[in-house]
Amino acid sequence: MTAAAAAMVFVIDDDAGVRTSIQGLLKSVGLQSETFGTAQEFLRNKRQDTPSCIVLDVRLPGVNGLDFQHQLADAGIHIPIVFITGHGDIPMSVKAMKSGAVEFLTKPFRDQDLLDAIHQALDRDRAMRQQGSELAELRNCFESLTARQREVMALVVSGMLNKQIASELGTSEITVKIHRGHVMRKMQAESLAELVRMASKLEVAPGKK
């Protein structure tokens, strides 16, 4: 399956002609899409767990596009959005972009501009998914550590030497070395620098016991 075929574009616009036109454009470049006339229709739809983005009209019946953008964020649905509108203005576009929109296109726009924005949005979603997957794997590794190993890891990444950690924890330097070795193995860290980066992603506070 190609990257394009594995992705899904959701088009939300109350104009049936616009929905049909955009769906045809997406099909011509091998992108799958689903269309909706309202935001509520989209929310009722069961979505596949696949890289995706939303092409969203600003003016919709019921809730408008900008409010819907906030609703999605509040619900923990972080799908990149490309806004389209026939009635856009600069304050509106600034508000949308500040809230995380990928692009804000005013009708009529060029097909290529829309496709470029959609590909950018899909790339962003793939990157977010990859980061989420890596973080989940890191958390699993961290969960495998014992309470004492977590203490040692926090002190190691804070820059303390084994001798200092032994003094801090009231144990021997050899015991600290053993714990440190277990931490490196369980976290699958090749170096101290890599362990520090992992701790930063996990928000393991230096010196935390």
Side-chain angles (χ1 to χ4, degrees), residues 1-3 6-8 10 43 46-54 66-83 93-104 117-209:
M1 187 179 284
T2 65
M8 178 64 72
F10 302 109
L43 290 174
K46 190 170 171 138
R47 295 177 298 280
Q48 290 182 324
D49 186 18
T50 186
S52 55
C53 72
I54 300 173
L66 293 175
D67 289 339
F68 184 56
Q69 180 184 29
H70 290 296
Q71 282 183 13
L72 289 175
D74 291 343
I77 301 172
H78 302 292
I79 304 177
I81 296 173
V82 175
F83 276 105
S93 64
V94 168
K95 185 177 178 185
M97 299 299 279
K98 276 189 174 177
S99 296
V102 174
E103 187 58 273
F104 193 97
I118 286 170
H119 282 299
Q120 185 182 340
L122 291 174
D123 286 344
R124 181 186 291 187
D125 196 44
R126 288 188 188 99
M128 285 193 297
R129 285 166 174 274
Q130 179 68 22
Q131 287 169 7
S133 174
E134 288 172 0
L135 186 56
E137 194 174 325
L138 264 186
R139 285 198 178 117
N140 284 338
C141 291
F142 186 70
E143 290 297 320
S144 73
L145 300 180
T146 64
R148 178 45 63 98
Q149 287 165 1
R150 291 181 195 182
E151 286 181 311
V152 170
M153 176 175 169
L155 295 171
V156 165
V157 299
S158 76
M160 290 176 72
L161 302 173
N162 289 347
K163 184 164 61 176
Q164 295 170 314
I165 296 172
S167 174
E168 174 79 13
L169 298 179
T171 188
S172 72
E173 194 172 342
I174 289 182
T175 299
V176 170
K177 282 182 181 177
I178 292 169
H179 284 312
R180 187 168 178 159
H182 287 314
V183 168
M184 296 296 283
R185 179 178 56 79
K186 287 184 177 181
M187 292 302 297
Q188 299 173 31
E190 298 291 330
S191 66
L192 174 58
E194 189 176 359
L195 189 68
V196 170
R197 282 195 296 273
M198 289 174 173
S200 176
K201 288 179 183 176
L202 290 166
E203 298 180 350
V204 174
K208 182 180 176 183
K209 295 185 182 180

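Remember, it's a predicted structure, so these values are computed and weren't measured experimentally.
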What distance separates Leu66 CG from Ile81 CD1, expressed to the nearest 0.5 Å? 9.0 Å
Please give me the minimum heavy-atom distance between Met187 and Met198, naming the atom from each residue. O-CE, 3.2 Å
Would you say Arg180 and Leu192 make side-chain contact, with heavy atoms under 4.5 Å? yes
Rounded distance [0.5 Å steps], CZ in Arg126 versus CG in Leu122: 5.0 Å
Would you call Cys141 and Gln188 a side-chain contact if the rule is heavy atoms closer than 4.5 Å? yes
Pairwise side-chain hydrogen bond (donor to acceptor under 3.5 Å, both in side chains) hits with a residue in residues 134-143, at least two apart: Gln130-Glu134
So, the side chain of Gln164 versus the backbone of Met160: is there a donor-acceptor pair under 3.5 Å, distance only? no
Given side chains that start at C-beta, do those of Arg47 and Ile77 come closer than 4.5 Å, heavy atoms only? yes
Shortest non-hydrogen contact from Val82 toward Ile118: CG2-N, 4.2 Å
Would you compute the distance between atom NZ of Lys201 and atom CZ of Phe142 and round it to the nearest 0.5 angstrom? 15.0 Å
Identify the two heavy atoms, one from Met153 and one from Val204, that lie closest to each other, and give their separation to 0.1 Å. CE-CG2, 4.4 Å
Of all residues at least two apart in sequence or in a different chain, which pass the salt bridge (charged side-chain N to carboxylate O under 4.0 Å, His left out) check with Arg185? none
Inter-residue atom distance His179.NE2 - Thr171.OG1, 0.5 Å rounding: 6.0 Å
Within the distance-only criterion (no hydrogens, no angle test), does the side chain of Ser133 pair as donor or acceptor with the backbone N or O of Arg129 below 3.5 angstrom? no
Is any side-chain heavy atom of Met128 less than 4.5 Å from a side-chain heavy atom of Asp125? yes
Audit row: Arg148, Glu151, salt bridge (charged side-chain N to carboxylate O under 4.0 Å, His left out) steps and yes/no: CA-CA 5 Å; Arg148 178 45 63 98; Glu151 286 181 311; 2.6 Å; yes
Interatomic distance, Glu173 atom CD to Leu161 atom CG [nearest 0.5 angstrom]: 8.5 Å
Closest approach of Leu202 to Leu135 (non-hydrogen atoms, all atoms of both residues): CD2-CD1, 4.3 Å
Any Leu195 side-chain heavy atom under 4.5 Å of Val156 side chain: yes
For residues Ser158 and Leu155, report the shortest heavy-atom separation together with the two atoms involved. OG-O, 2.7 Å
Heavy-atom nearest pair, Ala121 first then Cys53, reads CB-CB, 3.6 Å
Check Asp67, Leu43, Ile79 against Leu72 for a side-chain contact (heavy atoms from CB on, under 4.5 Å) and give me the one that passes. Leu43
Between atom CG of Asp49 and atom CE of Met8, what is the distance when rounded to the nearest 0.5 Å? 12.5 Å
